[in-house]
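Reviewing the structure listed below.
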Amino acid sequence: MENDAPLQKTEEKASGSPSLPTGYVPAEAEPLHCRKWEEDRLYHYDPSRPRSETFVVDTPPPTVSGALHIGHVFSYTQTDILVRYQRMLGKNIFYPMGWDDNGLPTERRVQNLFGVRCEPSVPYKEGYKSAGPKKDLKDYEHISRRNFLELCEAQTAEDEKRYEALWRRLGLSIDWRQAYSTVGAHCRKTSQFSFIDLFRKGFVYSAETPTLWDTTFRTAVAQAECEDREANGFFHEIKFQVQGGGGFTIATTRPELLAACIAVVAHPDDERYKALLGKKALTPLFKAPVPIMPSFHADPEKGTGIMMVCTFGDIADVQFWRDHKLPLRQVIGRDGRLIPVQFGAGLFESADHAAANAAYGGLAGLYAKQARTKTVELLRAEGSLVGEPRPTKQAVKYYEKGDLPLEFVPTRQWYIKILENKPALLEQGRKVAWHPEYMFKRYEQWVEGLNQDWCISRQRYFGVPFPVWYPLDHDGAPDYSSPIIAGPERLPVDPQTDVPPGYAEAQRGKPGGFVGDHDVMDTWATSSLTPMISSRWAIDKARHANLFPADLRPQAHEIIRTWAFYTITKAWMHENSVPWHNAAISGWVVSPDKGKMSKSKGNTITPEGLLQTYSADALRYWAGKAKLGQDTVYDESVFKVGMRLATKLYNASRFAMLQLKGPAAAGAPLSPADITEPLDRAWVAHLKKITDDARADFDNYEYSAVLLYAETAFWDFCDNYLELVKNRAYSGKPAAARSACAALEWTLRVFLRLFAPFLPFITEEVWGGTFAASTGLPTVHKAPWPASAEMAAVDGDPLALETVRKALEAVRTKKAAEKRSVKWPVARLAVTCGPKQAAALRLALEDLLAAGAVDKAGFSLAETGSDDKVLQAVVELGTA
RNA sequence: GCGCAGUUAGCUCAGCGGUAGAGCAUUCGCCUUACACGCGAAGGGUCAUAGGUUCAAAUCCUAUACUGCGCACCA
C-alpha cells in the first residue's frame with residue numbers, strides 16, 4: 001500500500017502499555033522535545049568546567065543567502081551526531097552557530113530582492129523603503145552605502161531567524177547563546193584585530209601589482225576563489241616582423257591583448273627561433289618594438305613555439321613581466337573594457353604612431369570580447385592574420401561567482417604572506433587529524449600549488465572595513481607607504497566615518513589631511529577566525545584559553561582550500577597553533593542521476609517539508625548512514641527506512657515495557673544476576689560486543705558504522721530474540737520470565753542510547769516514558785554512553801542464539817513454503833548438528849519450541865561429529 | 001600531465017585474507033496478545049579486467065579500463 005503520509009495516530013487499544021501510548025506522531029512530538037531541551041538548557045556550555053572535560057566545535061557558519069537546502073541538513077546532522085556522542089561521554093559541549101552574512105552573496109540577494117544598487121555618491125535617506133524587485137537592470141534604484149548596508153542587515157536578520165528555526169527543528173544540539181554573525185560588531189572587531197596583529201607581525205602588506213580581477217563585480221579576488229571553466233576559444237596565428245628583416249608567426253587565443261605585448265619568447269633550445277633571440281620584433285597593427293627573449297616556459301610543441309607576452313594574459317605573463325622588469329602596458333580596465341591609450345607617449349612605444357593610434361582608436365572602449373573580434377578584422381585587413389582562426393578548447397579562469405573571465409589588473413591591494421610560509425603551513429596541516437585521512441592530500445596539494453599571496457581586500461561595500469587610513473600629501477595623494485593603523489582599543493572602526501588619531505574630520509580628503517581605506521575584507525578573512533571569534537580571542541583571555549584550539553572542525557571538502565586553509569593560516573600566524581585537532585570532512589548530496597543537486601531541485605525540496613513528511617529522525621537517519629567524505633545520493637526511500645526504524649523502536653519499547661511492568665519484574669530492581677537463561681546470556685554477550693565496537697568507532701569518527709550495526713542488531717533483536725523470549729516472558733514461570741525481563745531492560749537501555757545521537761527524538765520520547773524515572777536521568781542525551789562493563793557479570797555464548805535462530809529459520813521457511821501462518825503447529829522437527837550446537841539447543845529448547853509452535857513430542861536431535869557444518873533440520877507441519 | 005577516491009545483486013551501499021551480505025525494489029505468503037506503519041519466505045552476483053603473492057583473494061600487490069573529484073598546464 002502506498003502511504004507517504006506521516007505516522008498516523010492509530011486507534012487506541014485497550015491493552016496499551018501504561019507508559020507509552022499507542023501512537024507516536026513525530027510532527028507533533030518532535031517540536032515539543034525541541035522546546036523541552038531548550039528549557040532544560042541541555043545544550044548549554046559550562047565555562048566553569050576545565051578544558052580537558054570540554055569538547056569544542058568550530059561550526060561552519062552557513063552563508064545567509066536565502067534558504068538552507070538538503071545538503072546543509074546532511075552535513076550539519078553529521079556534526080550533531082558526533083557532538084551528541086561526546087555529550088553522552090560526559091563532555092562539556094561548546095557547540096556554537098555562526099552566520100556568514102557579509103560579502104557578495106548577501107549583496108547580490110539584497111540587490112535582487114529590493115531592486116537596488118549601492119552607489120556611494122548618493123546621500124543617505126532616513127527611513128528609506130524599497131519599492132520592491134525590478135525586472136530590468138536599468139530600473140534598479142541607486143541608494144547610498146548606508147541605506148544599502150541597512151537593507152543587508154535587515155534581510156540577513158530575517159533569514160537567520162528562519163535558519164535557526166530549521167536547525168532547532170532538526171534537533172541540532174547547538175548552544176544558541178554562542179551564536180555570532182560575521183558582520184556583527186564582535187566579528188568586525190575580531191577581524192580588524194586580526195589585521196592589526198598581522199600587520200604588526202609583518203604578515204600583511206599592501207602593494208600595487210597585477211592581481212586577479214573580476215570585471216563584473218569590479219573587485220580583486222583571491223586564487224582560492226577562482227575556478228577553471230572550459231571554453232571554446234580560437235587560435236589566431238599572427239605574423240610579426242623582425243627589425244632588420246624577417247618575421248615569424250605567433251599563435252594566441254587573445255589577440256585583443258596585442259597592444260599590451262611587451263615581449264616575444266621562444267624556448268632557448270628551439271632551433272627555429274634561436275637566431276632571433278636578442279633581436280626586436282615589431283607587433284602588427286601597433287608596430288611596437290618588443291624584445292625577442294628566451295624562456296623555458298615557451299613550449300616548442302605548442303602553437304608555433306613562439307609566443308607573445310602581454311600585460312597580462314595569465315599568471316605566467318605576470319611572472320615574466322616582473323622577472324624582467326618589462327614595461328607595464330595595461331589595456332584592460334577595471335570594467336573589462338579597453339582603456340584609451342596613446343601610442344608614442346609613455347610606455348606605449350611604436351615605430352608608426354599614426355598607424356598605431358588609428359588601429360587602437362577602433363578598440364578603445366570596447367569590452368575584451370568585442371575588441372577581440374575587432375582586432376581580428378584589423379589584422380585580416382592588414383594581412384597579418386595567417387589563415388583563419390582555428391577552434392580550440394581552453395580552460396579559462398573565472399571568479400567562482402562571476403560570469404566573465406578574470407583579468408589581471410594592477411591595483412593596490414592588501415595581501416597576507418602565504419608563499420614564503422608554505423612549509424610552515426603544510427606542517428600545521430599535518431598536525432591536524434583529518435577524517436577521512438585522505439582529505440589531507442587535498443590540503444597539501446592546494447598549498448603546494450599556490451602561486452599568489454592571499455589577497456584580502458575587496459572593492460565591495462557589505463563587509464568588514466580595513467582599520468586603516470592614509471595621510472594625504474600636499475597634492476592630496478595618499479601615502480600608502482605610511483598607513484595609519486587604528487589602535488586595538490577603539491575597534492571596530494569604520495575609516496569612512498571614524499577619524500584617525502591626530503586628525504579632525506574636516507581634514508578628510510583634503511591635501512595634508514587623510515583618507516580612509518575604502519575597501520572591505522575578503523569574507524574569508526573573517527570566517528578564517530571562527531574558532532577565535534567563538535573563543536573571544538583578544539577580548540577574554542581566560543575564555544580563549546578554555547576554547548582554543550577547538551577539538552573539531554566539521555566542513556565540506558570543497559572549502560578545504562579556503563576555509564580550512566585560511567583558518568590554519570590565521571591560527572598559525574596569530575597563535576602559533578593549529579586551530580583545531582580534528583577536521584571532519586563531509587561529502588555532498590548528489591541527485592539520483594549522480595549530478596550535483598541543482599538549484600531548481602533544491603527549491604522544490606525544502607527541508608521544512610521533508611521534516612514535516614518524514615520527521616527529523618528520518619532525515620537524520622539518512623545523514624547518519626553516510627560516511628564522512630562520501631557523497632550521498634538523495635533518496636527519499638532512505639527517509640522511509642529511517643521512519644520505520646523509529647517506529648519499530650517505539651513499538652519494541654512498548655513490548656519491553658509491558659514485560660517490565662508485569663509481575664516477573666516486580667519487587668527488587670532487576671539486576672545482571674537475574675539473567676540466568678542461556679539464551680538471554682547469549683544475547684547480552686552479543687550486545688556487549690556491540691557496545692564496545694560502537695565506542696571505538698565513534699571515537700574514530702566512524703559514526704555510520706555504528707548506525708549500521710546498531711540497526712542490524714536491533715532488527716535481529718526484534719525479529720529473533722524477542723520472538724524467542726516472548727512466550728517465556730508470558731509464561732508465568734518467575735525465574736525464567738525475570739531473566740528475560742532483566743535482559744530486555746538492559747537491551748532497551750542500550751539501544752536507546754546507541755540510537756540517541758542519530759534519532760534524538762524517538763529515543764528521548766521512549767526514555768522519558770521508561771527510564772527517566774528509574775535511572776534518575778531525565779534525558780537520554782545525558783545518559784552515559786553504553787558500556788559492556790555495565791554487564792560485566794554476565795557472560796554467554798553467542799553460538800546458542802545463532803543455533804536456535806537457524807532452527808527457527810528452518811521452521812519459518814517450511815511454513816512459508818506451505819503458505820501457512822507463523823502460528824501453524826509443527827508436528828515434527830528433526831535437527832542434525834554438531835555437539836556444541838546441540839548443547840546450545842537443549843538449553844534453549846523451550847524458547848525454540850514455543851516460538852516455532854513445535855510439538856515437544858515431535859522434536860528430535862541427532863549429533864554429528866563436528867560443529868563445522870550448518871545445522872540441518874527436517875520440518876513437518878501438523879494440522880490446525 | 002600529477003594526485004585522491006571509487007568500480008560488489010535492478011538501485012543504494014556494507015564487507016577489506018578463511019562458506020558472497022543488508023536495505024530498497026521484485027515475487028510468493030501470513031491477522032502472530034509490541035508493531036499490517038507489521039511479520040515470514042523466495043528469486044537475484046565470474047565482487048570492472050588481466051597478472052602476481054598465498055594453503056586460501058571481493059579483500060593484499062602490480063598493471064589496465066571506466067566513473068567522480070582535486071591540483072597543475074592552458075600562446
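- Salt-bridge check for A:R254 with A:E407: passed, with a basic side-chain N closer than 4.0 Å to an acidic carboxylate O.
- Residue A:Y709 is classed as having no contact, given no heavy-atom separation below 4.0 Å to the nucleic acid.
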### Message
What does the 5'-to-3' dot-bracket notation of RNA chain B look like when only Watson-Crick and G-U wobble pairs under 3.5 Å count, and pairs to other strands show as |?
### Response
((((((((.[[[[.)..(..]]]].(((((.......))))).....[[[[[..)....]]]]])))))))....

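- At a threshold of 4.0 angstrom between heavy atoms, the contacts of A:D228 include nucleobase atoms, whether or not backbone atoms are also involved.
- For A:S821, counting side-chain heavy atoms from C-beta on, the closest listed nucleotide (B:C39, B:G40, B:C30) is B:C30.
- Between the side chains of A:Q612 and A:Y614, no donor-acceptor pair of N or O atoms lies under 3.5 Å.
- No side-chain donor from either of A:D617 and A:S615 sits under 3.5 Å from a side-chain acceptor of the other.
- Within 4.0 Å (heavy atoms only), A:V822 reaches at least one base atom of the nucleic acid.
- Here, B:C47 and B:C37 have their P atoms 40 Å apart, quoted to the whole Å.
- The aromatic rings of A:F751 and A:F714 stand perpendicular to each other, their planes meeting at an angle above 60°, with 30° marking the opposite boundary.
- A:K302 comes within 4.0 angstrom of a base, heavy atoms only.
- The ring-ring contact (aromatic ring centres under 6.0 Å, His included) test applied to A:W588 returns A:H557, not counting sequence neighbours.
- Checked for salt-bridge contact, A:E636 and A:K640 miss the test: no charged N lies under 4.0 Å from a carboxylate O.
- Taking atom P in both B:C69 and B:C13, the straight-line distance is 15 Å, to the nearest Å.
- Side chain of A:E809, nearest nucleotide from B:A41, B:U33, B:C39: B:A41.
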Show each protein N/O and nucleotides 21-28 of chain B N/O combination with a separation under 3.5 Å, one pair to a line.
from	atom 1	to	atom 2	distance (Å)
B:C24	OP1	A:R644	NH2	2.7

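- Take A:F758 and apply the ring-ring contact (aromatic ring centres under 6.0 Å, His included) test, not counting sequence neighbours, and it matches A:F698.
- Contact check, A:K627 against B:A14: a side-chain N or O comes under 4.0 Å of OP1 or OP2.
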Are any protein N/O atoms closer than 3.5 Å to N/O atoms in nucleotides 3-5 of chain B? If there are, list each pair with its distance.
none

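- Taking only side-chain atoms of A:R561, from C-beta outward, the nucleotide of B:C71, B:U33, B:C39 with the closest atom is B:C71.
- Judged as a ring-ring contact (aromatic ring centres under 6.0 Å, His included), and not counting sequence neighbours, the contacts of A:F771 are A:W767.
- Of the N and O atoms on the side chains of A:Y703 and A:Q78, at least one donor lies less than 3.5 Å from an acceptor on the other residue.
- Using atom C1' as the reference point in both B:U59 and B:C2, the two lie 28 Å apart (nearest Å).
- For A:Q223, taking side-chain heavy atoms from C-beta onward, the closest of the listed nucleotides B:A14, B:A72, B:G40 is B:A72.
- Relative ring orientation between A:F320 and A:H297 is described as tilted, the plane-to-plane angle lying within the 30° to 60° band.
- The shortest non-hydrogen separation linking A:E448 to A:K422 is O-NZ, 3.0 Å.
- Residue A:D631 holds its CG atom at 9.0 Å from OG of A:S586, rounded to the nearest 0.5 Å.
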